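Shown next, in structure tokens, is the structure this report addresses.
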Protein chains: 2
Amino acid sequence: MALAHPARRGMLARLGKGEATVGELAQPLDMSLPAVTKHLKVLERAMLISRSKNAQWRPCQLEEAPLKTASRWFEQQRKVWESRLDRLEKHLHSMEKDAGSSRGRE
Amino acid sequence: MALAHPARRGMLARLGKGEATVGELAQPLDMSLPAVTKHLKVLERAMLISRSKNAQWRPCQLEEAPLKTASRWFEQQRKVWESRLDRLEKHLHSMEKDAGSSRGRE
DNA sequence: TTCGTATTTAACCATATGGTAAATTACAGC
DNA sequence: GCTGTAATTTACCATATGGTTAAATACGAA
């Protein structure tokens, strides 16, 4: 999952404020430039960012569409978890009602 | 992340319907029992489930509280992404206005 | 005590992930 | 063409993850 690594989430957060070069993204990250390049490739393959060329710099920018998808994904997940919690809570309440009959716990 | 693996999410979904033994959780999963045991340990360490004893069975059940936390987490994440997208959209619109002045694209 | 079922442990393996250092490429300016 | 800066590629390494099989453990029932 492209969003799994904190360094990558950090880069995306930084890019939310606007275009940045590899060096700029690396600066707060306490890791070598090759490592940053690798993370950028992950983000690029996931189409979360795009890159361009400016002399010897290779600036990165956020891709708008997939992040909207990510946002929608979070919203969906939230709904899924909510419905699971609903079912769970019903289950737990029915257990409370039953509690006197046969307590399996030791 | 305990919620990362589809098998584990499947187990949690199953447990949302009520207690289940290791064998019952394994049945739909096309993997060996030892593999299932490992996944269960991950879930147990993350305190998403708890286990008990019933003869030779070791039934599992969902832990309520942390899943509520997970739900809250999703909600938070959603808000974070939304605010990022707001910022991003403002940025993109300001670029549109600028578009005529200096087109870096080739 | 022995047998069958449920589960775990131990030992092992393949692959993915995240990092490094050193060499290489790309480019601007002198 | 040479030099300095930005970034990437290459080769390598350590650890995490997810799986396997075979053996061990736990328990109820015969």
Side-chain angles (χ1 to χ4, degrees), chain A residues 1-15 17-63 66 70 73 77 102-106, chain B residues 1-15 17-63 66 70 102-106:
Chain A
M1 193 203 271
L3 300 176
H5 199 286
R8 291 198 288 267
R9 287 197 296 268
M11 291 175 184
L12 291 176
R14 167 64 189 77
L15 291 173
K17 296 177 197 155
E19 203 176 75
T21 67
V22 179
E24 285 165 351
L25 291 171
Q27 217 165 25
L29 284 182
D30 191 35
M31 71 177 65
S32 65
L33 276 171
V36 174
T37 295
K38 282 191 184 180
H39 284 302
L40 288 174
K41 282 194 176 170
V42 173
L43 292 175
E44 207 176 358
R45 277 195 55 203
M47 305 221 297
L48 290 169
I49 64 168
S50 61
R51 327 234 6 214
S52 41
K53 237 187 226 193
N54 182 357
Q56 66 264 57
W57 292 273
R58 298 289 177 279
C60 314
Q61 32 178 156
L62 275 184
E63 279 300 320
W73 181 81
Q77 288 301 308
S102 84
R103 307 190 54 85
R105 312 277 275 112
E106 8 163 17
Chain B
M1 191 200 276
L3 299 176
H5 199 286
R8 292 200 287 267
R9 287 197 296 268
M11 292 176 184
L12 291 176
R14 167 65 188 77
L15 291 173
K17 297 177 196 156
E19 202 176 76
T21 67
V22 180
E24 284 165 351
L25 291 171
Q27 216 164 26
L29 284 183
D30 189 36
M31 71 177 64
S32 68
L33 278 169
V36 173
T37 295
K38 284 189 184 180
H39 284 302
L40 287 174
K41 282 194 177 171
V42 173
L43 292 174
E44 207 176 358
R45 279 194 54 202
M47 303 220 299
L48 291 169
I49 65 169
S50 60
R51 326 232 7 213
S52 39
K53 237 188 226 191
N54 183 356
Q56 66 266 57
W57 292 273
R58 298 289 177 278
C60 312
Q61 30 178 156
L62 275 185
E63 279 299 321
S102 83
R103 306 190 53 86
R105 310 275 277 113
E106 3 151 30

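Each chain gets a letter, A, B and so on, in the order the sequences are listed, and its residues count up from 1. Only a predicted model underlies this, so the values are computations on that prediction, with no experimental measurement involved.
The B:His5 side chain lies nearest to D:dG19 when the options are C:dA21, D:dA22, D:dG19. Proximity note for A:Gln56 (side chain, C-beta onward) versus D:dG4, D:dT8, C:dG18: the nearest is D:dG4. Comparing D:dT8, C:dC27, D:dT20 by their closest approach to the side chain of A:Pro34 singles out D:dT8. Set against C:dA28, C:dT20, C:dT7, the side chain of A:Lys38 has C:dT20 as its closest nucleotide. Relative to the side chain of B:Met31, the nucleotides D:dA7, C:dC27, D:dG19 differ in distance, and D:dG19 lies closest. Proximity note for B:Ser32 (side chain, C-beta onward) versus D:dA7, D:dG19, D:dT20: the nearest is D:dT20. The side chain of B:His39 lies closest to D:dG18, out of D:dG18, C:dC27, C:dA22.
Between A:Arg8 and C:dG18 there is a side-chain polar atom (N or O) within less than 4.0 angstrom of OP1 or OP2. An OP1 or OP2 oxygen of D:dT9 is reached within less than 4.0 angstrom by no side-chain nitrogen or oxygen of A:Arg58. Using a 4.0 Å cut-off, no side-chain N or O of B:Lys41 falls inside it from OP1 or OP2 of C:dT8. A sub-4.0 Å separation between OP1 or OP2 of D:dT9 and a side-chain N or O of A:Thr37 is absent.
Between A:Asp30 and B:Pro59, the one whose closest nucleotide on DNA chain C sits nearer the 5' end is B:Pro59. Along DNA chain C, the nucleotide closest to B:Trp57 and the one closest to A:Ala35 are compared, and the more 5′ of them pairs with B:Trp57.
Between the C1' atom of C:dT20 and the CG atom of A:Leu29 lies a distance of 16 Å, rounded to the nearest Å.
Taking CD of A:Glu19 as the start and SG of A:Cys60 as the end, the distance is 8.0 Å to the nearest 0.5 Å.
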